[in-house]
Amino acid sequence: MAQSTESEFVTLVSNDGFEFIIPRSAACVSSTIRLRLASSKYKEGSTGRCNLDELRGAVLEKVCEYFCYNEKHKDQVNVPDMDIPPELCLELLMAADYLDT
């Protein structure tokens with residue numbers, strides 16, 4: 001449906017079933033997600049729902065937090081650092097690589 005592709009929000013789903021609904025503009029910081037949503041070759045283009053089977057819920061939650069944080073502060077200088085738990089650092093680096101963020 002064309003209506004879904006124009007939705008202001010998208011749903012990102014982790015491999016353990018957690019769903020995060022975030023603004024499309026924030027999610028599109030990731031070129032991986034942006035390409036899936038923009039292409040009719042992927043079901044995400046018509047549903048606005050991206051299954052990210054490579055990411056578990058705790059990691060995807062932090063990724064979504066980053067996407068929204070980035071969007072909120074994109075035009076600012078001297079932005080405070082996000083709080084990132086040390087135990088997630090390696091998985092977040094791998095997620096950033098996978099999502100091309």
Side-chain angles (χ1 to χ4, degrees):
M1 290 183 130
Q3 192 176 39
S4 294
T5 61
E6 297 173 7
S7 173
E8 182 180 346
F9 295 93
V10 296
T11 303
L12 305 180
V13 184
S14 67
N15 63 7
D16 48 358
F18 289 94
E19 297 184 6
F20 302 91
I21 300 170
I22 64 171
R24 178 181 291 266
S25 57
C28 286
V29 166
S30 162
S31 61
T32 301
I33 293 172
R34 183 175 55 251
L35 291 171
R36 285 187 187 181
L37 292 171
S39 176
S40 60
K41 293 188 331 185
Y42 298 105
K43 68 180 178 181
E44 289 91 341
S46 61
T47 65
R49 180 182 177 91
C50 293
N51 291 314
L52 300 168
D53 295 332
E54 297 77 9
L55 305 179
R56 63 187 184 94
V59 175
L60 184 54
E61 178 180 27
K62 197 51 109 169
V63 167
C64 290
E65 182 182 332
Y66 166 74
F67 288 162
C68 294
Y69 188 84
N70 180 65
E71 179 150 298
K72 177 181 178 184
H73 297 289
K74 67 181 171 188
D75 296 324
Q76 297 178 5
V77 293
N78 299 324
V79 176
D81 291 336
M82 274 183 57
D83 180 40
I84 299 176
E87 63 272 13
L88 292 181
C89 286
L90 180 58
E91 286 179 280
L92 287 169
L93 283 171
M94 293 187 316
D97 182 55
Y98 168 69
L99 294 171
D100 197 17
T101 302

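Because the structure is a prediction, the values reported are computed rather than measured. Numbers here are sequence positions counted from 1.
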Sorted by chain and residue number, the side chain to side chain donor-acceptor pair (under 3.5 Å) partners of Y98 (sequence neighbours excluded) come out as R36, E54
What verdict does the side chain to side chain contact (heavy atoms under 4.5 Å, CB included) test give for R56 and L88, after you've listed the backbone C-alpha separation in whole Å, the side-chain angles of each residue and the deciding distance to 0.1 Å? CA-CA 11 Å; R56 63 187 184 94; L88 292 181; 3.4 Å; yes
Note: C64 and F20 closest approach over all heavy atoms is SG-CB, 3.6 Å
Taken to the nearest 0.5 Å, the spacing of S7 OG from R24 CZ works out to 6.0 Å
Residues at least two apart in sequence or cross-chain that pass side chain to side chain donor-acceptor pair (under 3.5 Å) with D100, listed by chain then number, are S31
Salt bridge check: are K62 and E91 linked by an N-O gap of less than 4.0 Å? no
- Ignoring hydrogens and geometry, is there a side-chain-to-backbone donor-acceptor pair from D16 to G57 under 3.5 Å? yes
Only one of V10, L37, L99 passes side chain to side chain contact (heavy atoms under 4.5 Å, CB included) with C50, and that residue is L37
So CG of L92 and CG of L60: to nearest 0.5 Å the spacing works out to 10.0 Å
State yes or no: do V59 and Y69 share one hydrophobic cluster built from I, L, V, M, F, W and Y residues joined by side-chain heavy-atom distances below 4.5 Å, directly or via other members? yes
Sorted by chain and residue number, the salt bridge (charged side-chain N to carboxylate O under 4.0 Å, His left out) partners of E61 (sequence neighbours excluded) come out as none
Heavy-atom closest pair (C68 atom, P23 atom, distance to 0.1 Å) is SG-CD, 4.1 Å
Across all chains, not counting sequence neighbours, the side chain to side chain donor-acceptor pair (under 3.5 Å) partners of E87 are none
Shortest non-hydrogen pair, Y42 vs L35, comes out as CD1-O, 4.1 Å
Here the gap from R49 atom CZ to E44 atom CD, rounded to the nearest 0.5 Å, amounts to 10.5 Å
CG of L52 to OG1 of T32, rounded to nearest 0.5 Å, is 9.0 Å
key: Common cluster, V29/M94, ILVMFWY with side-chain heavy-atom separation under 4.5 Å   = no
Review point. Does L12 reach the side chain of F67, with side-chain heavy atoms less than 4.5 Å apart?
Key: yes
Those residues at least two apart in sequence (or on a different chain) that pass side chain to side chain donor-acceptor pair (under 3.5 Å) with R34 are none
With a 3.5 Å cut-off and sequence neighbours excluded, list the donor-acceptor pairs that the side chains of residues 72-79 form with protein atoms.
unit_1: H73; atom_1: ND1; unit_2: Q76; atom_2: OE1; d: 2.7

Between the CG atom in N70 and the CE atom in M82, the distance rounded to the nearest 0.5 Å is 9.5 Å
